[in-house]
Amino acid sequence: MTQFSWTLQSFRQILKSCIANKDLLTGKSLHTIYLKSLIPSSTYLSNHFILLYSKCNLLTTAHHAFNQTHEPNVFSFNALIAAYAKESLIHVARHLFDQIPQPDLVSFNTLINAYADRGDTLSALSLFREMREMGLVMDGFTFSGVITACCNHVGLIRQLHSLAFSSGFDSYVSVKNSLLTYYSKNGILEEAEMVFNGMGEEVRDEVSWNSMIVAYGQHKRGLKALALYRDMVHRGFEIDMFTLASVLTTFSCVEDLSGGLQFHAKAIKTGFNKNRHVGSGLIDMYAKCGAGMSESRKVFEEICGSDLVVWNTMISGYAQNKELSVEALECFRQMQRAGYWPDDCSFVCVISACSNLSSPSQGKQFHALAMKSEIPSNQISVNNALVTMYSKCGNLQDARKLFHRMPEHNTVTLNSIIAGYAQHGIGTESLNLFEQMLAASIAPTSITLVSILSACAHTGRVEEGKKYFSMMKDVFGIEPEAEHYSCMIDLLGRAGKLSEAERLIDTMPFSPGSAAWAALLGACRKYGNMELAEKAANQFLQLEPTNAVPYVMLASMYSAARKWEEAARIRKLMRDRGIRKKPGCSWIELNKRVHVFVAEDNSHPRIKEIQMYLDEMFVKMKRAGYVPDVRWAFVKDDETGEQEKEIMLAHHSEKLAVAFGLLFTKHGEPLLVVKNLRICGDCHNAIKFMSAIARRKITVRDAYRFHCFEDGRCSCGDYW
DNA sequence: CTAGGGTTAG
């Protein structure tokens, strides 16, 4: 007997160190010896084997060890439940939980936390309720877990807060910390501050400080976050990777590159730049602060042993720097080759890159892959990204189909589909969905209102636009921002209400940005108001001295008004200042390859055929009544004759891309062309004729919206 | 209990 107890004791000790060190080899041989030996079966020992396998991610082995346990107790169940929860196999975890004769505090806490991880608020809450009804003892973990599970519902968090207060659980720092975090994540910085300030010096731990730094960062209070960080240093807190990562999110949020650079230096000094959390924070900071992806790439290569999140940070960085969208797809494939399984976040990023590229064939591929991959957790964000992808690829039907098939919608889903309809110029549908949203008391966001106002602007709904704009602050509780004002100026200007637009820009509560002046300038061009155009162009220039848009607009307006000297003066100014017009560029996908066309660029291998086709087409078009509008030819000098201007017009990138599509696709197949700038007025007219003559549906997505040409008409109704 | 990645507009 003494011999057995000695053996048991030494077994326990070795096994414990195996668990601590994840020493699977020793642990397994210990298990074999244990099963073959005469040691009486001990539930205690068996439980520790379950723990060991769970820690080493050997789920089946852990379950096997559980089955071999003669008299499993609560502890055995809890160990196995934790193992399944870790692998997000929540149903098995639940099944095991239901088999426990008398679940204890740990059983409940484990399952609540598992539900919290999955974002399953209802299940977590019902367990919590069950605990209270049973009169079971709770602890700080129970509360933090259930608060995490309620992360998106402010109302519930408030209730839990008062419950924690009345039952004394708010004395746990962890409970206060999670309240602080989730108040902030729900947009209520004031409440987060109150929790933080209410804690007092002695209670606050480093977690509280880090959480508050992140809270300030999320609300774009860069200075406050930094002040808090300095305070931490001053008080002698050790600056670890948690703090570094927290401060880095602040720089990403407020786009403070110089601050980010300073902390990169700090990270290198402490070696934390190789840490995955800090490293991905750095990658994200460089991507969001406009440092380009080359800096991000450098950090990426220094990180010791990357993981899925680090890869996703890279993919998202490429996708957010829109011109690097092709690299985003490449990065996704590199990640797959490196042996990582994409998760929902990987798909969201890569699908958004496909939206930027308007590449329906690749977008569909990722859609199929995402379905095959059975993404864990909620797929809603993947579906949201897909709705946008289909819509931006010109395929509103599939976007709408997916929208109706989705099991669940949230604000982003609605914003996406509303924006889709707005960009396609289907204002009625946008407004309908918006009214449905309000009726279902889903709160619109500032983005919803940008979409709604631009839907009104695209379709000439002046009164409705004004109505919604005036409702913003009082009814929806959304403070109008620069974007909303720009939409309103666009709305009024396009409708010809130039003086009203001017009044709005003059009475804005903050100084108008370049977008506002650009909207006004566009309206002036449409209605030929030279005087106001000069004012708008000058204001624009002061804000963005290197932008070619105001020069080009003014010059073409002077030409159109036959003020040749003025036009020449502007062009000379532009030359002298070294400002160049951003070249117009259009692309079209054919057989899964993207063909790019730039005006006056003859590098495409089939350019001869394309131009011959265009020449023939122009003859037919002119016979049908097409008259080239040479005002849209941007000439570099003043000796250019009308004939030459006409030829220049014929070489605009969107015409080349459309001709290429008509020439090399099957008859009847609809075309999708994307342009980086706004479509030119002459091309808009020309493509109408082309759609009628070639009997094709031709969709052009420009920088503003979709133009869907069919049978000689455009879906925008020439209101653009 | 705290730190890294995401979708929507212009």
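Naming: A, B, ... by sequence-line order, numbering from 1 per chain. As a basis for the values below, the full set of heavy atoms in this structure was taken, side chains included, without hydrogen atoms, waters or symmetry mates.
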Using the side-chain heavy atoms of A:N177, tell me which of these nucleotides is nearest: B:dC1, B:dG10, B:dG4. B:dC1
Verify, without hydrogens or angle tests, whether A:D284 (side chain) and A:S280 (backbone) share a donor-acceptor contact under 3.5 angstrom. no
Check every strand shown and say whether A:S280 touches a base, only sugar-phosphate, or nothing at a heavy-atom separation below 4.0 Å. base
Side chains of A:Y216 and A:E193, heavy atoms from C-beta outward: is any pair under 4.5 Å? yes
What's the CG-P distance between A:L433 and B:dT8, to the nearest Å? 18 Å
With sequence neighbours left out, what residues match A:A116 under side-chain contact (heavy atoms from CB on, under 4.5 Å)? A:T148, A:A149
Counting any heavy atom closer than 4.0 Å, what does A:K185 reach on the DNA or RNA strands: base, sugar-phosphate only, or nothing? sugar-phosphate
Side chain of A:A385 only, heavy atoms from C-beta on: which candidate in B:dT7, B:dC1, B:dT2 is closest? B:dT7
When you measure only distances, ignoring hydrogens and angles, does the side chain of A:D490 come within 3.5 Å of the base of B:dG10 through a donor and an acceptor? no
Determine the contact category for A:E481: base if any of its heavy atoms lies under 4.0 Å from a base atom, sugar-phosphate if only primed atoms, P, OP1 or OP2 are that close, otherwise nothing. nothing
Does a nitrogen or oxygen in the side chain of A:Q423 sit under 4.0 Å from OP1 or OP2 of B:dG10? yes
Measuring from the side chain of A:I447 (C-beta onward, heavy atoms only), which nucleotide among B:dA3, B:dC1, B:dA9 has the closest atom? B:dA9
In whole angstroms, the gap separating C1' of B:dT2 from OH of A:Y182 amounts to 9 Å
Looking at the side chain of A:N113, which of B:dT8, B:dA9, B:dC1 is the nearest nucleotide? B:dC1
Listed nucleotide nearest any side-chain atom of A:T388, set B:dT8, B:dA3, B:dA9: B:dT8
Of the options B:dA3, B:dT2, B:dT8, whose atoms approach the side-chain atoms of A:M241 most closely? B:dA3
What's the NZ-P distance between A:K274 and B:dG4, to the nearest Å? 21 Å
Side chain of A:V207 only, heavy atoms from C-beta on: which candidate in B:dA3, B:dT2, B:dT8 is closest? B:dT2
Using a heavy-atom cut-off of under 4.0 Å over every strand shown, decide if A:S451 touches base, sugar-phosphate, or nothing. sugar-phosphate
Checking A:Y318 now: which residues fulfil ring-ring contact (aromatic ring centres under 6.0 Å, His included) with it, not counting sequence neighbours? none
Using a cut-off of 4.0 Å on non-hydrogen atoms, how would the nucleic acid contact of A:C349 be classed: base, sugar-phosphate, or nothing? sugar-phosphate
Roughly, in whole Å, what's the span from CG in A:L453 to P in B:dA9? 14 Å
Please answer whether the main-chain N or O of A:T142 pairs with a side-chain N or O of A:D139 as donor and acceptor at a distance below 3.5 Å. yes
Please state whether the phosphate of B:dA9, meaning OP1 or OP2, lies under 4.0 angstrom from any side-chain nitrogen or oxygen of A:S454. no
For atom CE of A:M199 and atom P of B:dC1, their distance in whole Å: 15 Å
Without decimals, in angstroms, what is the distance between A:I380 CD1 and B:dT7 C1'? 10 Å
Contact check, side chains of A:Y390 and A:H367, non-hydrogen atoms, under 4.5 Å: yes
Ring centres within less than 5.5 Å and planes less than 30° apart: is that true of A:F242 and B:dT2 in this structure? yes
When the distance from CD1 of A:I452 to C1' of B:dT8 is rounded to whole Å, what number comes out? 13 Å
Side-chain heavy-atom pair A:D398, A:M389 within 4.5 angstrom cut-off: no
Which is true for A:S174 with a 4.0 Å heavy-atom rule: it touches a base, it touches only sugar-phosphate, or it touches nothing? base
Touch class at under 4.0 angstrom, heavy-atom based, for A:A419 against every strand present: sugar-phosphate
B:dG4 base stacked by A:H277 (centroids within less than 5.5 Å, tilt under 30°): no
Candidates B:dA9, B:dT2, B:dT7 - which lies nearest the side chain of A:E483: B:dA9
Using a cut-off of 4.0 Å on non-hydrogen atoms, how would the nucleic acid contact of A:V310 be classed: base, sugar-phosphate, or nothing? base
Looking for any heavy atom pair under 4.0 Å, which part of the strands does A:N383 touch: base, sugar-phosphate only, or nothing? nothing
Touch check for A:T243, heavy atoms < 4.0 angstrom, all strands: base, sugar-phosphate only, or nothing? nothing
Which whole-number value in Å describes the distance from A:N356 CG to B:dT8 P? 8 Å
